[in-house]
Amino acid sequence: MKLRLIVWQAVVFTFKVYMFLKGFFSRKRNPELTDHGVLFVHPPKSAGLAIRKIYFSDEVLRGHLPAVYWRSALGKEYKKVKVFSIIRDPAKRFRSAFFFMKNGGLTDRDRKVSRRLGLHRMEFSDFVERLESDLLFSCRVLLIKHFLPQVWYVTDCFGDVIVGDLLPLEQPEKIETWMSQNIGIKKELERVNETFYPDLDKTNADIESFIDSCFFQKIYGKDIALWKGLVGPFNARSSGEG
């Protein structure tokens with residue numbers, strides 16, 4: 001476990017440095033920021049599609065670029081925009097990410113990755129067991145953008161949060177209030193791209209056991225701390241949000 005964690009952390013850190021450099025060398029005014037003066041940093045599986053469809057147009061706020069990229073790309077402009085992100089219960093997000101990839105995701109690349117790793121034919125219990133036992137498999141899975149910790153998206157290369165407003169997904173009233181106050185749109189946050197869970201009770205039982213494991217705590221410990229700082233204790237039980 002220790003070797004796996006060291007290897008994974010090194011690769012993830014290198015990836016973040018790469019995103020910083022990518023932003024620096026593509027520095028330009030981004031047209032996505034001109035309409036409302038806001039920037040949405042979108043960790044996957046945290047209601048990004050719903051945010052985009054309900055509050056913005058389909059043409060803006062694309063992708064899952066981390067805050068470190070945007071701060072590097074925008075330079076001084078970064079401090080002039082309102083930067084926000086949606087943070088989700090780590091256990092629910094992990095569960096959602098698995099079933100999202102198992103079902104083929106949204107893109108051809110998602111489907112290819114799912115089949116290459118055999119996720120399309122795995123049960124959740126088999127998936128977490130293999131994560132804990134197979135070094136190569138776990139490293140490959142945990143570098144998929146949907147499984148990267150949320151803190152990777154909202155922090156700089158030193159681990160400091162650089163997103164101004166973090167809004168908890170499971171408290172939609174806070175998101176709705178923020179949108180009303182900052183972009184002037186009053187709409188309810190509805191579910192979009194809801195994930196299907198074939199056996200929710202069994203899956204919840206499996207993940208409740210998994211989140212107490214050393215593996216989950218080591219990989220997503222900072223996500224857990226971030227979540228607790230926003231809303232308190234997290235849990236795996238819910239009726240299937242996407």
Worksheet entry | Side-chain (T14) to main-chain (A10) donor-acceptor, under 3.5 angstrom | yes
Worksheet, complete the sentence: Smallest heavy-atom separation, Y55 atom then L189 atom, equals OH-N, 3.8 Å
Worksheet item: About how many Å separate CZ of F94 and CG of D223, when rounded to the nearest 0.5 Å?
Response: 11.5 Å
Item to complete: Start with the C-alpha gap between C157 and V68, add the side-chain angles, then the distance that decides, and say whether side chain to side chain contact (heavy atoms under 4.5 Å, CB included) holds.
Response: CA-CA 7 Å; C157 293; V68 69; 4.0 Å; yes
Worksheet, complete the sentence: ring-ring contact (aromatic ring centres under 6.0 Å, His included) with F98: of F127, F210, F147, only one passes, and it is F127
Worksheet item: Taking all non-hydrogen atoms of both residues, which atom of S85 and which atom of P43 are closest, and how far apart?
Response: OG-CD, 3.2 Å
Practice prompt. Run the ring-centre check on H42 versus Y153 and record whether the distance is less than 6.0 Å.
Written response: no
Response to the item:
Applying salt bridge (charged side-chain N to carboxylate O under 4.0 Å, His left out) to D165 and not counting sequence neighbours gives none
Worksheet item: Looking at F216 and I224, what are the two nearest heavy atoms and their distance?
Response: CE2-CD1, 3.9 Å
Discussion item. Taking CD in E188 as the centre, count heavy atoms belonging to other residues, nucleotides or ligands within less than 6.0 Å. Is the count above 12?
Written reply: no
Worksheet entry | Side-chain (T155) to main-chain (V161) donor-acceptor, under 3.5 angstrom | no
Discussion item. So, taking the atom named OG in S46 and the one named CD1 in I51, what distance separates them when rounded to the nearest 0.5 Å?
Written reply: 8.5 Å
Discussion item. Treating K102 as the side-chain partner and M122 as the backbone partner, does any N or O pair qualify as donor plus acceptor under 3.5 Å?
Written reply: yes
Worksheet item: Taking E170 for the side chain and R88 for the main chain, is one N or O donor matched with an acceptor at less than 3.5 Å?
Response: no
Item to complete: Could you tell me whether the side chain of D160 and the main chain of D156 form a donor-acceptor pair under 3.5 Å?
Response: no
Worksheet item: When rounded to the nearest 0.5 angstrom, what is the spacing between CG in L166 and CH2 in W227?
Response: 11.5 Å
Practice prompt. With rounding to the nearest 0.5 Å, note down the distance linking CZ in R121 to OG in S114.
Written response: 9.5 Å
